[in-house]
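What follows is a single structure, written as structure tokens, with notes after it.
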Amino acid sequence: MNKLRENTRDLISIIVPCYNEEKALPAFYRAVTEAVNDIGGAECELIFVDDGSRDRTPELLERFSISDSQCRYLSFSRNFGKEAAMYAGLQNASGDYCVFMDADLQHPPELLKEMYRVVKTEGYDCCAGLREDRSGENPVRTFLSRSFYHVIGRVCRLDMGDGKGDFRMMNRAMTDSVLELKEYNRYMKGIFSFVGFETKWIPFHNVARTAGETKWSLGSLFRYAMDGILSFSTAPATLAGTVGALLLLAALLTGVFTLASGHGLAGMPLLICLLLVLNGIQMLFLSILGQYMSKEYIESKRRPIYIVKKKGGF
Ligand code: UDP
Ligand code: MG
């Protein structure tokens with residue numbers, strides 16, 4: 001498939017999702033080419049995925065692919081989102097190792113060499129960048145992001161901490177496992193955590209994007225956060241049940257308290273009790289329905305039931 005495969009050197013596929021990145025791409029291309037030349041023992045291919053850009057991104061990518069035999073690109077028919085672009089890049093990558101990088105140089109290309117050394121020689125399946133700080137970022141966004149990762153960590157019971165992003169180099173086994181999760185609503189950070197494998201985290205400092213603007217508004221970040229929670233957890237359905245149970249308990253306590261104070265259950269206390277009991281029962285049954293629906297929801301993703309890391313002796 002790839003001319004580079006004729007020799008025995010490893011191939012690293014660098015996957016770059018791009019949405020309206022005409023301002024950032026020239027500097028990114030220069031920096032990555034330089035970093036790639038510095039990696040000994042491996043060849044690299046650059047797979048750019050143009051996610052329906054409306055600026056000159058597609059023209060730039062076409063130019064790179066004509067002048068540089070290591071560059072390939074795909075152009076989407078419209079904006080499908082970064083997750084879709086990452087998946088398309090992976091599907092079209094033939095590397096022994098695959099790495100995701102943003103086009104705005106917020107993922108330092110100098111780390112590629114170290115990442116390759118780690119996955120090649122230290123026995124890890126994946127080497128990922130751990131963003132240590134959020135300096136240069138809008139403080140409101142920082143606060144909201146941190147809170148979100150705190151909640152999602154507890155609710156989904158998967159390792160998706162703040163700073164653990166998409167910048168990572170994976171070996172072929174992990175790459176193929178990620179590709180096996182074919183769900184439409186993709187939440188890559190959850191998928192990386194779901195497939196498991198050994199990951200080494202190497203810290204790096206946040207820098208402002210080299211050029212252009214972030215593609216995320218607060219609204220799109222909120223939708224992304226909800227996607228993350230709903231894709232990996234049925235906790236919101238369980239929440240209805242918990243609230244229902246609490247309402248029933250409150251009804252019981254109101255009843256007992258009113259009776260104990262010798263006022264009888266007539267009038268207002270009875271009304272409150274009835275309201276609490278009816279609402280509680282309603283929410284409990286809604287939650288039971290929700291539990292059935294969420295089981296079906298997870299099933300409909302057709303996720304693999306398990307992922308084998310290694311085989312031997314058969
Ligand atoms: N991106 C994309 N599709 C989108 C939004 C973003 O392919 O709909 C790409 C974007 O071009 C960049 C990467 O995803 O290469 C990260 O986006 P951005 O820098 O805007 O996100 P931030 O760093 O602000 O989280
Ligand atoms: Mg960025």
Side-chain angles (χ1 to χ4, degrees), residues 13-32 46-61 64 71-93 98-109 111-112 128-149 152 160-168 184-192 204-228:
S13 302
I14 302 171
I15 298 158
V16 192
C18 306
Y19 181 47
N20 295 340
E21 295 288 7
E22 64 172 13
K23 290 191 186 130
L25 273 173
F28 173 82
Y29 178 67
R30 268 196 308 277
V32 167
L46 273 163
I47 302 182
F48 292 100
V49 184
D50 159 40
D51 183 12
S53 300
R54 268 177 258 128
D55 64 357
R56 286 179 46 257
T57 297
E59 283 98 299
L60 281 176
L61 298 184
F64 294 159
C71 280
R72 303 165 223 304
Y73 79 98
L74 316 166
S75 235
F76 283 174
S77 57
R78 64 167 170 86
N79 180 239
F80 279 88
K82 184 182 176 187
E83 304 286 320
M86 288 163 79
Y87 188 65
L90 268 195
Q91 275 195 317
N92 286 276
C98 292
V99 55
F100 294 111
M101 291 186 83
D102 286 356
D104 56 7
L105 284 181
Q106 288 193 299
H107 296 159
L111 285 193
L112 289 174
L130 177 67
R131 193 186 46 201
E132 277 193 318
D133 55 277
R134 285 178 169 270
S135 51
E137 196 184 77
N138 174 333
V140 178
R141 182 174 161 176
T142 301
F143 170 75
L144 292 175
S145 299
R146 289 224 166 107
S147 315
F148 164 67
Y149 284 113
I152 202 168
M160 292 187 268
D162 185 27
K164 295 184 170 178
D166 303 321
F167 182 33
R168 59 183 64 220
Y184 182 78
N185 286 303
R186 299 185 72 75
Y187 184 70
M188 213 51 137
K189 291 181 185 72
I191 289 175
F192 293 138
F204 70 96
H205 284 295
N206 196 38
V207 287
R209 65 163 30 244
T210 173
E213 295 88 43
T214 174
K215 310 299 175 304
W216 300 92
S217 61
L218 277 184
S220 61
L221 276 175
F222 180 74
R223 280 193 296 279
Y224 184 62
M226 287 311 292
D227 266 358

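Start at 1 and go down the list; that is how both ligands and their atoms are numbered. Since the model is a prediction, treat every value here as computed from it, not as a measurement.
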Please confirm whether the backbone N or O of Thr210 pairs with a side-chain atom of Asp104, one donor and one acceptor, at under 3.5 Å? no

Would you please classify the geometry between the Phe204 ring and the Phe167 ring as parallel, tilted or perpendicular, with 30° and 60° separating the classes? perpendicular

If you look at Asp104, which of its N/O/S atoms is nearest to the Mg ion (ligand 2)? OD2

So, Asp51 side chain and Ala85 main chain: donor-acceptor pair closer than 3.5 Å or not? no

Name the residues in contact with ligand 1, where contact means a heavy atom under 4.0 Å away: which are they? Pro17, Cys18, Tyr19, Glu21, Asp51, Asn79, Gly81, Lys82, Asp102, Ala103, Asp104, Gln106, Arg141, Arg209, Thr214, Lys215, Trp216

Of all the atoms in Asp102, is at least one N, O or S atom closer to the Mg ion (ligand 2) than 2.8 Å? no

Cation over ring face, Arg146 and Tyr149, 6.0 Å, 45°: no

Does some side-chain heavy atom of Leu25 sit less than 4.5 Å from a side-chain heavy atom of Cys18? yes

Side chain to side chain, Phe192 and Asp166, heavy atoms closer than 4.5 Å: yes

Is Gln106 close enough to the Mg ion (ligand 2) that one of its N, O or S atoms comes in under 2.8 Å? yes

If you count the non-hydrogen atoms of other residues, nucleotides and ligands that lie under 6.0 Å from NZ in Lys215, is the total more than 12? yes

